[in-house]
Peer 1: 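Can you read through this structure? Questions will come right after.
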Amino acid sequence: MAAGWPEKSDQELLALIQGGSHPAFAELVERHTTRFYRLAYRYVQNRETAEDLVQDAFLRLWENPATWQPERNSKFTTWFYRIVVNLCLDWQKKKRPIPLDEDMPLADERESADEAMIRIQEQRILEKEIAALPERQRTALNLCFDEGLSNQEAAEAMGVNLKALQSLIMRAKTTLKERMKAYL
Amino acid sequence: MSEKQDEKLDVMLRTRRVEPANRDLAQRIILKAQSLPQNQILPFRQWLRQLFAEFHLPKPAYVVASALVLGIVVGLSTPDRSASKDDDSTSVQSFLYADEVPL
């Protein structure tokens, strides 16, 4: 990696990518792959699929760099979250949801076997209930509970105002609380 | 009770399990991009901007052009001196002959 790339902002890298710079693309991919993978994983609950979707999103950006328009899109991550979410939703419409892995690994190795079993069960039910939520409520939850994304950024990524986002989260949480009564 | 439920739900949402991605995911994407050509079709607005950029003039050219325009405007708004000379000579003659009463 050439010196100086890490100091460049996302916007600067994107301008270079529009000029065909591979090193700028490499820097952008290395900087953001993990965070977008995490988001995709929350939708598809499968590593290979989540990786494929993130790869697809980045390659689309590489092939069509002019889709990024700095005057329209305030922040790269906010804009790219929307692209990844749309790809995940498209994928879910095309494919049937993958059943959750029965052998989910323990979340915390220090837990006792009983605690771990309960926790795994809770996680499984939670994922199932989140998957059953309406699309917009699910997206609001996935964006807001993703590290480093403020409610304002999540609202921008969804193209709604802050109040609408808060309302979506509240409705999602009310539904989840109702459906997961036994585990709360 | 409800507050506790809210808290627990928040904790569960924040600690949702995510299977880590392959370590080489970023490298895979970068390598794949190297074999892909870029599609340089520009959206209309960007195309228009680039078109105007082709006709971009440096700042000194704007200064010279503005000076010329200013000169022309000032030149046109100043009264014509050759016309006023004739007016002056007529008024001097009328002054000189003003006292002469015709016989």
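Residue numbers start from 1 in every chain, and the chains themselves are labelled A, B, ... in the order their sequence lines are given, proteins ahead of strands.
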Peer 1: Between B:L31 and A:L53, is there shared hydrophobic-cluster membership here, with clusters defined by ILVMFWY side-chain heavy atoms closer than 4.5 Å?
Peer 2: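 Shared cluster, no.
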Peer 1: Which is it for B:Q38 and A:I17 under the side chain to side chain contact (heavy atoms under 4.5 Å, CB included) test, yes or no, and what are the steps along the way?
Peer 2: CA-CA 9 Å; B:Q38 276 191 318; A:I17 291 168; 3.9 Å; yes
Peer 1: Holding to ring-ring contact (aromatic ring centres under 6.0 Å, His included), I want the full list of residues that pass it with A:F25, two or more places apart in sequence or in another chain.
Peer 2: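 Per chain and number, A:F25 pairs via ring-ring contact (aromatic ring centres under 6.0 Å, His included) with A:W62.
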Peer 1: Which answer fits A:E48, side chain, backbone, both or neither, if we ask what part of it has an atom under 4.5 Å from a heavy atom of chain B?
Peer 2: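 For A:E48, neither part sits under 4.5 Å from chain B.
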Peer 1: Would you mind reporting whether B:D10 and A:K173 have side-chain heavy atoms less than 4.5 Å apart?
Peer 2: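 Yes; the side chains approach each other to less than 4.5 Å.
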Peer 1: When hydrophobic residues are tied together by side-chain contacts of less than 4.5 Å, even through go-betweens, does B:L36 share a cluster with A:L61?
Peer 2: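 Yes, B:L36 and A:L61 fall within the same hydrophobic cluster.
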Peer 1: Measuring from atom CZ of A:R60 to atom CG of B:N39, what distance do you get when rounded to the nearest 0.5 angstrom?
Peer 2: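 The CG atom of B:N39 is 13.0 Å from CZ of A:R60, to the nearest 0.5 Å.
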Peer 1: Spell out, yes or no, whether A:I120 and A:I118 are grouped together once hydrophobic residues are joined by side-chain heavy atoms under 4.5 Å, including indirect joins.
Peer 2: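 No, because A:I120 and A:I118 fall into different hydrophobic clusters, even though each may have its own neighbours under 4.5 Å.
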Peer 1: If you compare all heavy atoms of A:K177 against all heavy atoms of B:D6, which two are closest, and at what distance to 0.1 Å?
Peer 2: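 Heavy atoms only, the tightest pair is NZ-OD1, 2.7 Å.
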Peer 1: Within the 4.5 Å heavy-atom criterion, are A:E30 and B:I30 side-chain neighbours or not?
Peer 2: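 Yes, close enough: below the 4.5 Å cut-off.
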Peer 1: Between B:K8 and A:E122, does the side chain to side chain contact (heavy atoms under 4.5 Å, CB included) criterion hold? Intermediate values first, please.
Peer 2: CA-CA 11 Å; B:K8 183 157 186 201; A:E122 282 175 355; 3.1 Å; yes
Peer 1: Could you tell me whether A:R31 atom CZ has more than 12 heavy atoms of other residues or ligands within 6.0 Å of it?
Peer 2: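 More than 12 heavy atoms, drawn from other residues, nucleotides or ligands, come within 6.0 Å of this atom.
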Peer 1: Could you tell me which non-hydrogen atom of B:M12 sits nearest to which non-hydrogen atom of A:L126, and how far apart they are?
Peer 2: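 Distance-wise, the nearest heavy atoms are O-CD2, 3.7 Å.
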Peer 1: Under the side chain to side chain donor-acceptor pair (under 3.5 Å) test, which residues partner A:D52, sequence neighbours left out?
Peer 2: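 A:D52 satisfies side chain to side chain donor-acceptor pair (under 3.5 Å) with no residue once adjacent residues are dropped.
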Peer 1: Per the salt bridge (charged side-chain N to carboxylate O under 4.0 Å, His left out) rule, what does the pair list look like for residues 58-73 of chain B, sequence neighbours excluded?
Peer 2: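 Every pair satisfying salt bridge (charged side-chain N to carboxylate O under 4.0 Å, His left out) with a residue in residues 58-73 of chain B: there are none.
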Peer 1: State whether the side chain of B:E19 and the backbone N or O of A:Y41 hold a donor-acceptor pair below 3.5 Å, judged by distance alone.
Peer 2: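 Not at all, since once roles are kept as given, no pair shorter than 3.5 Å links the two residues.
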Peer 1: What option among A:L28, A:L141, A:T33 has the most heavy-atom pairs under 4.5 Å with chain B?
Peer 2: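 Going by pairs under 4.5 Å, I would pick A:T33.
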Peer 1: Using non-hydrogen atoms and a limit below 4.5 Å, what part of residues 22-29 of chain B faces chain A?
Peer 2: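 Against chain A, the residues of residues 22-29 of chain B that fall inside the cut-off (heavy atoms, under 4.5 Å) are B:N22, B:L25, B:A26, B:Q27, B:R28, B:I29.
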Peer 1: Quick check: is B:L13 connected to A:M170 through a chain of hydrophobic side chains (ILVMFWY, heavy atoms under 4.5 Å apart)?
Peer 2: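 Looking at the clustering, B:L13 is in a separate group from A:M170.
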